[in-house]
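Ligands are counted one by one from 1 in listed order, and the atoms in each one are counted from 1 as well.
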Amino acid sequence: MRIDVLLGLQWGDEGKGKLIDVLAPDYDVIARFQGGPNAGHTLEFDGIKHVLHTIPSGIFRENKLNIIGNGVVIDPLIFKKENDSLLKLGIDIKKNLWVSRRAHLILPTHRLLDAASETMKGKTKIGSTLKGIGPTYMDKTGRNGLRVGDIERHDFKDALQALLNKHAELLSFYNHPKVSKDDLEMWLESISTLREMTLVDSEYEINSLINSGKRILAEGAQGSLLDIDFGSYPFVTSSNTITAGACIGLGVPPAAIGKVFGVFKAYCTRVGSGPFPSELNDATGEELRKKGNEFGSTTGRPRRCGWLDLPALKYTAMINGVTSLMMMKSDVLSGFENLQVCNSYKVNGQPSMRMPFNVVNEIPEPEYISFKGWQRDISKTNSFESLPSELHTYIQAIEKYTGIPLDVVSVGPDRTQTIIRK
Ligand code: GDP
Ligand code: IMO
Ligand code: MG
């Protein structure tokens, strides 16, 4: 059996959490492979909304094993809070969650270093979620990090102190306040929740699950345009958010990858700084934000909004090897008289279909084609055939441009508001 991957093709918040929850019944295992609590994955069912940050989005489905892979970075304090709120709903994650020993730990000082780095950057700041993601991955690649498995060591406190001392020096270089005793104490206490979990050498477990025929769905966080290598660098996150990241973040060989589900919004959003060619800084952008309720799931910040960007979509579909497109928030486009879609760029006055290397100084100028909108509410539509003909035309254009079938159309935030074509 192979492992399928579901990930975002834009700048994050495409609706990955919702779809993982919808598709989970078809799988035995759901595994997160990168990122950390910078993610906010929203699920809605039975009139209740849940936002998950570290815990995989299969947690609400019974008898599914959820795994936090080695590529994820974990803040024990946020993990504890997630655990506590799930317990209140009667979900005991200990029963069906495994955590990789190789996943790195986010310390309270990583969060402070994130803030210090952003302050230092001033106007050029990334707009980080300030969850300590960048500094934690820096310690990982700098070979200084602490991993979940280290909490089982008898000398964990010494190793922790050594890293805290290093961070204290860096913070004083930045002239940034030190970590408070209370914050450190709270963080240390929260480690006990992580200790109660099943800690595993997840690469062995996942490969053996694959070999025994179990169906595994890998859950991406962020989006491909935030990928550390292929995103709009430096306005990116610090992990590989693409399909290849699933191999690294779970320890599975490339040949084990099966289907790749590429999730995108019927328009575009971005939260934080960085280039956004099809951004709308006008009343239409405001309308998209209002109708789409475009405010960050993790930070509450308003999301920047704009039209669908096809060259960017084709680029990320290429890098990920997407086999199936899944379009979210189609309902938000109802009521617009006309819809614009970027189908090529102008870079330095020259037409181009490519994302340029330096998108920061050469923001591609979008060239648009226009589509007729549809006026009726589609949020209760439950078959592809009953969708408006204008939306069929919109979908056909996306399939033609990318050469990839569009198999899912989402028409609302609830589990049930999902049209699956095959
Ligand atoms: P993720 O990070 O990719 O899981 O996405 P987020 O949860 O951060 O953001 C997606 C938002 O859109 C959430 O508030 C979802 O409840 C909501 N959502 C998902 N699909 C749809 C849809 O088809 N229509 C509407 N109106 N909202 C949706
Ligand atoms: P999900 O999984 C949207 C953005 C931040 C910032 C940049 C770097 O919910 O789609 P970081 O904290 O990683 O150093 O921030 O990346 N960002 C996200 N934007 N959705 C996310 O996750 C994001 N995770 C990070 O806003 O611009
Ligand atoms: Mg999100």
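If you look at His392 and Phe384, their ring centroids are closer than 6.0 Å. The distance between the ring centers of Trp374 and Phe336 does not fall below 6.0 angstrom.
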Donor-acceptor contacts under 3.5 Å from residues 45-60 side chains, at least two apart:
{"residue": "His53", "atom": "ND1", "partner": "Ala39", "partner atom": "O", "Å": "2.8"}
{"residue": "Thr54", "atom": "OG1", "partner": "Glu82", "partner atom": "OE2", "Å": "2.8"}
{"residue": "Ser57", "atom": "OG", "partner": "Glu219", "partner atom": "OE2", "Å": "2.6"}

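There is a side-chain donor-acceptor pair under 3.5 Å between Lys18 and Ser410. Remark: the Glu294 side chain and the Tyr267 side chain contain an N/O donor-acceptor pair separated by less than 3.5 Å. Using modelled atom types and a 3.5 Å distance limit, the side chains of Asp13 and Thr269 yield no donor-acceptor pair. Defined by atom type and a distance below 3.5 Å, a donor-acceptor pair is missing between the side-chain atoms of Asp331 and Ser379.
In this structure, atom 15 (O) of ligand 2 lies nearest to the protein heavy atom Ser128 CA, 3.5 Å.
The shortest separation from a heavy atom of Gly8 to ligand 2 is not under 4.0 Å, leaving the residue out of contact. Judged by the shortest distance from any of its heavy atoms, Gly223 lies outside the 4.0 Å radius around the atoms of ligand 2. Within the structure, ligand 2 has Val236 among the residues with a heavy atom less than 4.0 angstrom away.
Of the N or O atoms in Thr129, one or more lie within a sub-3.5 Å distance of an N or O in ligand 2. Any N or O atom pair closer than 3.5 Å counts here, and Leu226 shares no such pair with ligand 2. The shortest N or O to N or O distance between Asp13 and ligand 2 is below 3.5 Å.
Within the set Gln10, Arg301, Arg32, His41, the minimum heavy-atom distance to atom 2 (O) of ligand 2 is found for His41. For atom 25 (C) of ligand 2, the choice among Arg303, Gln222, Lys16 with the nearest heavy atom turns out to be Gln222.
Of the charged side-chain nitrogens involved, none lies within less than 4.0 Å of a carboxylate oxygen, so that Asp407 and Arg421 do not count as a salt-bridged pair. Look at Asp84 and Lys88 and you find no salt bridge, because none of the NZ, NE, NH1 or NH2 atoms lies under 4.0 Å from a carboxylate O. Taking a cutoff of 4.0 Å between a charged side-chain nitrogen and a carboxylate oxygen, Arg61 and Asp21 qualify as a salt bridge. Residues Glu203 and Arg102 are paired through a salt bridge, judged by an N-O separation under 4.0 Å between the basic side chain and the carboxylate.
The ligand atoms of ligand 2 that sit less than 4.0 angstrom from a heavy atom of Ala39 are 1 (P), 2 (O), 9 (O), 22 (O). Atoms of ligand 2 found under 4.0 Å from any heavy atom of Ala221 (numbered from 1 in listed order, with element): 2 (O). Close contacts between ligand 2 and Gly127 involve ligand atoms 5 (C), 6 (C), 26 (O), 27 (O) [criterion: under 4.0 Å to a heavy atom]. Atom numbering of ligand 2 starts at 1 in the shown order; those under 4.0 Å from a heavy atom of Val271 are 3 (C), 5 (C), 19 (N), 26 (O), 27 (O). Close contacts between ligand 2 and Trp11 involve ligand atoms 3 (C), 19 (N) [criterion: under 4.0 Å to a heavy atom]. If you number the atoms of ligand 2 from 1 as listed, the ones under 4.0 Å from a heavy atom of Gly272 come out as 27 (O). Every atom of ligand 2 with a heavy atom of Thr237 under 4.0 Å away is listed here by number and element: 11 (P), 13 (O).
Annotation: Gln375, atom CD; neighbour count of heavy atoms from other residues, nucleotides and ligands within 6.0 Å is above 12. A 6.0 Å sphere centred on CZ of Arg354 holds no more than 12 heavy atoms belonging to other residues, nucleotides or ligands.
Here side chain to side chain donor-acceptor pair (under 3.5 Å) pairs that include residues 140-151, with residues two or more places apart or in two chains, are Asp150-Arg153.
Atom CG of Leu105 and atom CG of Leu194 lie 6.5 Å apart (nearest 0.5 Å).
Within 4.0 Å of ligand 1, protein heavy atoms belong to Asp13, Glu14, Gly15, Lys16, Gly17, Lys18, Gly40, His41, Thr42, Glu44, Ser297, Arg303, Met328, Lys329, Asp331, Val332, Ser410, Val411, Gly412, Pro413, listed by chain and number.
Counting only distances under 2.8 Å, and ignoring water, the protein N, O or S atoms around the Mg ion (ligand 3) are Asp13 OD1, Gly40 O.
The cationic atom of Lys314 (NZ for Lys, CZ for Arg) lies less than 6.0 Å from the six-membered ring centre of Tyr401 and within 45° of the ring axis.
Note on ring orientation: taking the six-membered ring where Trp is involved, the planes of Tyr394 and Phe371 are perpendicular (angle over 60°, cut-offs 30° and 60°).
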